[in-house]
Amino acid sequence: MKTIRMCGMLLTLFISVSLAAQTAQTSALPAAQPGFSNAPLAATADNPHPAFDVKAAVDAYLAKVPPDKKARSDAYFEGGYWLILWDFLYSVVVMLLLLQTGWSARMRDWAERITRFRPLQTALYWIEFLLITTILQFPLAVYEGYIREHKYGLATQTFGPWMRDQMVGLLVGLILGGILIMALFGLVRRLGRAWWVWGAMVTIIFTALTIMIGPVYIGPLFNKYTKLQDAKIKQSILSMARANGIPATEVYEVDASRQSTRVSANVSGFLGTERITLNDNLLKRCTPEEIQAVMGHEMGHYVLNHVYKDIVFLALVSLVGFWFLNWALNWSLARWGQRWGIRSITDTAVLPLAVLILAVFFFVLTPVMNTQTRTEEYEADIFGLNASHQPDGEAEVDLKLGEYRKLDPGKWEERVFFDHPSGRTRITAAMRWKAEHLPIGNY
Ligand SMILES: [Zn+2]
């Protein structure tokens, strides 16, 4: 199916290009496709496609978005920059509150009265900590996850189902977080000063395990995952997968429309739990060409081993992070430990301080973390274009993603705040690919 559609598209492209060439010198022909111009058509080695202006093609795509929609998406995305700051400051205030009022010490005392078994004390403290901080941070969470999403028309849930998802998330946090916290305090208590090296390793192994079980055990708690039924789309996707050496036999569909109007897809899992999942918004709103462009991108993540590279990157980040955590914990406890009623670094009451320190660390690291993922996303885009041969499908999808991501930011704005390339960057890559795949000099 894919071959036939591709040939049809190339044929249309060829005919429109030929027509443009014939009439170029006499009339101002409206460009049949963005980027084709009536410029002189002599091809040279330096400029093999004088009739296709990449920048003009990109601008033409971006101009398809009405100004009011663009303003709305810009406002939504720029609001997200401030939320990074507010989330950080809010969490710092909550943690300082737990320390300064002595609540953290009292929470520990309560856990110690219930049991003398230390791992259980840690688990009990964790339950108190997560419940109290969730309640204190609830107003910001409602604004960010519910009110704001509805204001911009991105959310589809009413408050009841939204709260249900929050509760499920809290439960997952209680269990997974509890296991990790018990392991980390166990290390601090046994290993003393060198704990942070092992702490970083345990954290990264734990993260890897969570990524592994995520698609099978955590995702289905929030959404329904089904095998993709549409035989036509499925076959073209599996054909592309085989062509790129991916041993996939199934593609999954997720009912993301339960929560959101966003178009998206992802690759998840590793070491045998990998799967490519398309969301139902994408399937409903995108043409087959657009879906192929998206699938090519997702396969890029898979073939380029992004999940393994992420784990190596996160391992380095957590090593630095735990070193900083250890140093900052000791430094702060020497100054304010007594006042906060924290006995030492092995005391569970130290947790709000640890969360505060890591919040500072990751706040400062925001551009670094964003750049790491954005770089991989760009690589996946390039892979996707080569795999799908759908530069216009890619550009159309990029415009749809522009409903919730600013399309045309400044250079530094993109470097600092974007965890995916902007619409302009992605469409530029697509149009550049397109220009280089036109028949050379033959218009
Ligand atoms: Zn991606």
Side-chain angles (χ1 to χ4, degrees), residues 73 77 80 154 207 210-212 214-215 219 223 225 228 233 237 240-241 243-246 248 251-254 256 259-270 273-283 285-286 289-314 366-407 409 414-415 417-430 432-433:
S73 144
F77 199 76
L154 294 168
T207 308
T210 310
I211 295 173
M212 200 158 94
N223 288 93
Y225 289 78
L228 182 64
I233 292 179
I237 289 169
M240 201 197 295
N244 289 286
I246 300 171
V251 181
Y252 290 84
E253 177 182 348
V254 57
Q259 287 100 352
S260 160
T261 60
R262 288 174 162 84
V263 163
S264 109
N266 68 70
V267 189
S268 56
F270 82 114
T273 63
E274 303 92 340
R275 59 171 70 174
I276 291 178
T277 309
L278 296 169
N279 87 11
D280 56 350
N281 295 321
L282 178 99
L283 287 164
R285 293 182 51 200
C286 291
E289 289 76 14
E290 291 167 32
I291 293 174
Q292 284 177 23
V294 172
M295 289 314 295
H297 170 98
E298 300 304 333
M299 288 177 194
H301 283 310
Y302 187 105
V303 173
L304 299 169
N305 289 314
H306 282 164
V307 68
Y308 298 98
K309 291 174 186 167
D310 286 348
I311 290 172
V312 172
F313 175 76
L314 286 177
T366 303
V368 178
M369 304 302 282
N370 280 345
T371 296
Q372 196 262 339
T373 51
R374 195 180 62 250
T375 308
E376 286 187 346
E377 293 300 332
Y378 186 71
E379 289 174 3
D381 277 356
I382 302 292
F383 184 97
L385 288 165
N386 285 321
S388 71
H389 291 224
Q390 298 290 5
D392 291 292
E394 168 69 31
E396 291 289 351
V397 171
D398 295 336
L399 293 183
K400 291 195 172 75
L401 298 176
E403 289 164 12
Y404 59 87
R405 187 179 296 127
K406 193 173 178 179
L407 277 167
E414 183 161 350
R415 287 182 181 174
F417 292 114
F418 278 61
D419 63 355
H420 279 65
S422 68
R424 178 175 286 283
T425 304
R426 301 183 105 166
I427 297 173
T428 301
R432 189 178 58 203
W433 189 96

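Atoms within each ligand, like the ligands themselves, are counted from 1 in listed order.
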Quiz item: Is the distance between the Zn ion (ligand 1) and the nearest N/O/S atom of E298 smaller than 2.8 Å?
Solution: no
Self-check item: Pairing residues for N281 by the side-chain contact (heavy atoms from CB on, under 4.5 Å) criterion, not counting sequence neighbours
Solution: A256, S257, V263, N279
Exercise. Describe, in one word, how the ring planes of F77 and F418 are oriented to each other, choosing from parallel (under 30°), tilted (30 to 60°) and perpendicular (over 60°).
Key: tilted
Self-check item: Identity of the N, O or S atom of E377 lying closest to the Zn ion (ligand 1)
Solution: OE1
Quiz item: Hey, are R374 and D419 close enough for a salt bridge, meaning a charged N less than 4.0 Å from a carboxylate O?
Solution: no
Quiz item: Is H297 close enough to the Zn ion (ligand 1) to have an N, O or S atom under 2.8 Å?
Solution: yes
Self-check item: Atom name in H301, limited to N/O/S, at shortest distance from the Zn ion (ligand 1)
Solution: NE2
Residues 394-402, side-chain donor-acceptor partners within the protein, below 3.5 Å, at least two apart:
residue: E396; atom: OE2; partner: K64; partner atom: NZ; Å: 2.5
residue: K400; atom: NZ; partner: E290; partner atom: OE1; Å: 2.7

